[in-house]
Trainee: 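Here you go, one structure.
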Amino acid sequence: MPELPEVETIKRALTLGGRGGESVLGCQIIQADVLWPRTLQTPDIKTFKSRIEGQVIQSISRRAKYLLLHLDQDTMLMHLRMSGDVRVDALQNPSLALQKHDRLVLWFANQRRLVFNNPRKFGRVWLVSDPEDVLSELGPEPLDPDFTADQFYANLKRHKRQLKALLLDQHFLAGLGNIYTDEALFLAGLNPTMNTQYLKYEQGKRLFESIRTVLETGIRRNGASIDWVYRGGQFQNEFKVYGRRGKACYVCGSTIERIIVGQRGTHFCPECQNTRDTTLSMEE
DNA sequence: ATAAACGCCTGACGGC
DNA sequence: TGCCGTCAGGCGTTTA
């Protein structure tokens with residue numbers, strides 16, 4: 001489910017309230033329950049429960065697709081992977097039933113609870129004293145004001161890979177997923193299969209700006225809501241290529257295609273995104 | 001270095 | 001109705 005804008009939306013809701021829940025800042029954890037043991041990446045359940053109980057949520061942040069709850073002593077990190085979601089329940093009725101696929105619960109002292117729901121069980125939670133233990137291998141944050149188009153292009157040119165596969169690599173750039181990558185490549189007019197070795201500076205700069213534009217638009221729309229999981233986002237109404245196989249391109253009217261790139265379903269306009277590798281051009 | 005195949009999971013959807 | 005294949009917002013490991 002979540003890419004950078006969706007996790008950012010959840011972060012803001014947990015910080016400021018919204019999405020049907022209240023802010024969890026200042027909430028003290030009185031008990032933790034792990035309903036699906038493999039949710040916990042580290043430490044073991046017994047240590048997790050004893051360490052987290054009593055700590056207060058001091059602040060909340062996001063790094064790439066990770067959500068970070070900063071506690072008194074430790075940081076709890078969550079990665080939602082494909083189908084994770086986080087909600088806050090107010091317990092007017094103390095026995096309010098948990099929901100299907102709830103995997104981890106933090107019970108607060110003020111009659112609330114934070115629940116990690118995760119149908120496909122891919123999501124993971126960490127409790128560590130130093131979040132860098134988990135985050136140290138991540139690439140740059142695309143919206144970091146100190147990250148520049150020149151740096152992005154220089155990084156691109158250190159690889160000879162299919163462009164989309166590189167953008168999805170979290171070591172290269174941290175936060176893009178399948179939807180926003182397809183949308184950014186369309187906005188930049190670049191073919192997802194082209195090799196980065198043929199990318200010109202102007203193309204790289206335009207890609208950098210397109211990535212920022214789609215991420216910022218996604219955040220402004222509170223992320224995208226698709227499939228059976230609803231989070232109140234609206235960005236799905238602005239998809240230009242994702243999920244539009246067989247439909248007409250809004251720009252040129254060509255039929256949007258779906259191919260596989262880097263093991264992922266990939267949507268693009270063959271006319272607007274007809275950049276191609278030099279080698280392929282010579283073969284044609 | 002790059003990339004493919006596969007594993008991890010549940011559920012929705014379309015075709016027959 | 002059931003059954004079946006396909007697809008799904010991610011990522012780690014293993015294998016070429």
Side-chain angles (χ1 to χ4, degrees), chain A residues 1-10 35-42 62-67 77-86 99-104 116-126 134-139 142 155-185 192-198 211 214-215 217-219 221-246 258-267 277 279:
Chain A
M1 191 173 49
E3 302 179 33
L4 187 156
E6 287 74 33
V7 180
E8 178 67 21
T9 299
I10 293 172
L35 282 47
W36 174 254
R38 295 185 60 183
T39 300
L40 208 48
Q41 187 71 237
T42 192
R62 176 193 60 75
R63 169 74 169 106
K65 304 174 194 173
Y66 290 82
L67 188 65
L77 298 94
M78 288 187 272
H79 196 304
L80 280 41
R81 294 281 181 96
M82 290 285 268
S83 63
D85 198 6
V86 180
Q99 296 180 13
K100 198 175 183 181
H101 309 309
D102 284 348
R103 307 301 183 196
L104 186 145
F116 177 45
N117 183 278
N118 189 213
R120 289 176 71 183
K121 299 178 176 174
F122 294 164
R124 292 292 180 266
V125 168
W126 297 255
V134 180
L135 307 174
S136 62
E137 302 297 315
L138 288 173
N155 292 346
L156 274 171
K157 299 307 282 187
R158 287 201 228 109
H159 299 273
K160 294 181 178 178
R161 290 183 69 179
Q162 273 196 317
L163 181 54
K164 177 176 176 179
L166 185 60
L167 295 177
L168 286 173
D169 186 335
Q170 302 296 298
H171 304 285
F172 173 75
L173 186 68
L176 282 182
N178 205 38
I179 290 177
Y180 291 90
T181 301
D182 281 1
E183 294 296 318
L185 286 168
T193 66
M194 84 173 284
N195 195 294
T196 53
Q197 69 187 301
Y198 302 118
I211 288 168
V214 296
L215 291 176
T217 304
I219 291 170
R221 297 285 177 267
N222 297 317
S225 310
I226 59 174
D227 293 344
W228 69 98
V229 181
Y230 178 71
R231 63 174 57 260
Q234 294 299 320
F235 187 63
Q236 70 278 7
N237 299 319
E238 301 185 29
F239 291 167
K240 304 292 194 298
V241 286
Y242 183 84
R244 299 197 66 246
R245 166 169 48 174
R258 180 185 180 278
I259 59 175
I260 301 295
V261 179
Q263 272 74 302
R264 309 299 300 276
T266 297
H267 313 76
D277 299 349
T279 47

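Values below: every heavy atom of this structure, side chains too, minus hydrogens, waters and symmetry copies. Quick note on labels: first sequence line is chain A, next is B, and so on, each numbered from 1.
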Trainee: For A:L80 and C:dG10, give me the distance from atom CG to atom P, rounded to whole Å.
Mentor: 11 Å
Trainee: OP1 or OP2 of B:dT10 sitting under 4.0 Å from any side-chain N/O of A:K100?
Mentor: no
Trainee: Measure from the side-chain heavy atoms of A:Q162 and tell me the nearest of B:dA3, C:dC11, B:dT2.
Mentor: B:dA3
Trainee: It should be established whether A:H79 places a side-chain nitrogen or oxygen under 4.0 Å from OP1 or OP2 of nucleotide C:dC11.
Mentor: yes
Trainee: Hey, is the side chain of A:R161 pairing donor to acceptor with the base of B:dA3 inside 3.5 Å?
Mentor: no
Trainee: Using 30° and 60° as the class boundaries, would you call the ring planes of A:H159 and A:F172 parallel, tilted or perpendicular?
Mentor: perpendicular
Trainee: Figure out the CG/P separation between A:D182 and C:dC7, and round it to whole Å.
Mentor: 15 Å
Trainee: Reckon A:R124 touches a base, only the sugar-phosphate, or nothing at all at heavy-atom distances under 4.0 Å?
Mentor: nothing
Trainee: How long is the span from the CZ atom in A:R124 to the NZ atom in A:K121, to the nearest 0.5 Å?
Mentor: 10.5 Å
Trainee: Just the rounded figure in Å: distance from C1' of B:dC6 to CD1 of A:I260.
Mentor: 15 Å
Trainee: What does A:Y180 touch in the nucleic acid at a heavy-atom separation under 4.0 angstrom: a base, only the sugar-phosphate, or nothing?
Mentor: nothing
Trainee: In the structure shown, which nucleotide is the Watson-Crick or G-U wobble counterpart of C:dC4, with both distances under 3.5 Å?
Mentor: B:dG14
Trainee: A:R258 near the nucleic acid: base, sugar-phosphate alone, or nothing, with a heavy-atom cut-off under 4.0 Å?
Mentor: sugar-phosphate
Trainee: Whole angstrom is fine here: how far is it from CD in A:E3 over to C1' in C:dC11?
Mentor: 13 Å
Trainee: Under a 3.5 Å threshold, yes or no: a donor from one side chain and an acceptor from the other, between A:D102 and A:Q99?
Mentor: no
Trainee: Quick check on B:dA1: is either OP1 or OP2 less than 4.0 Å from any side-chain nitrogen or oxygen of A:K160?
Mentor: no
Trainee: Which one, B:dC8, B:dA4, B:dT2, comes nearest to the side chain of A:Q263?
Mentor: B:dA4
Trainee: Within less than 4.0 Å of OP1 or OP2 of B:dG11, is there a side-chain N or O belonging to A:R120?
Mentor: no
Trainee: Starting at atom CG of A:N178, determine the distance to atom C1' of C:dG10, rounded to an integer number of angstrom.
Mentor: 10 Å
Trainee: Step by step, would you call A:H79 with A:V7 a side-chain contact (heavy atoms from CB on, under 4.5 Å)?
Mentor: CA-CA 9 Å; A:H79 196 304; A:V7 180; over 6 Å; no
Trainee: Can you see if the side chain of A:R38 gets near the phosphate of B:dC9 - specifically, an N or O under 4.0 Å from OP1 or OP2?
Mentor: yes
Trainee: Using the P atoms only, state how far C:dT13 lies from B:dC9, rounded to an integer number of Å.
Mentor: 15 Å
Trainee: Stacking here means centres under 5.5 Å and planes under 30°; does A:F122 stack on B:dC8?
Mentor: yes
Trainee: Closest to the A:H101 side chain: C:dG10, B:dG11, C:dA8?
Mentor: B:dG11
Trainee: If you check the A:K65 side chain, which of C:dC11, C:dA8, B:dA3 turns out closest?
Mentor: C:dC11
Trainee: As an exercise, state the distance from CG of A:N178 to CD of A:E183, rounded to the nearest 0.5 Å.
Mentor: 10.5 Å
Trainee: Using the C1' atoms only, state how far C:dC3 lies from B:dC8, rounded to an integer number of Å.
Mentor: 24 Å
Trainee: From CZ of A:R158 over to P of B:dT2, roughly how many Å is that when rounded to an integer?
Mentor: 11 Å
Trainee: Could you tell me the separation between the CZ atom of A:R103 and the C1' atom of B:dC8, rounded to a whole number of Å?
Mentor: 12 Å
Trainee: CD of A:Q236 to CZ of A:R221: how many Å apart, nearest 0.5 Å?
Mentor: 11.0 Å
Trainee: Taking CG from A:L173 and P from C:dG10, how many angstroms apart are they, rounded to a whole number?
Mentor: 13 Å
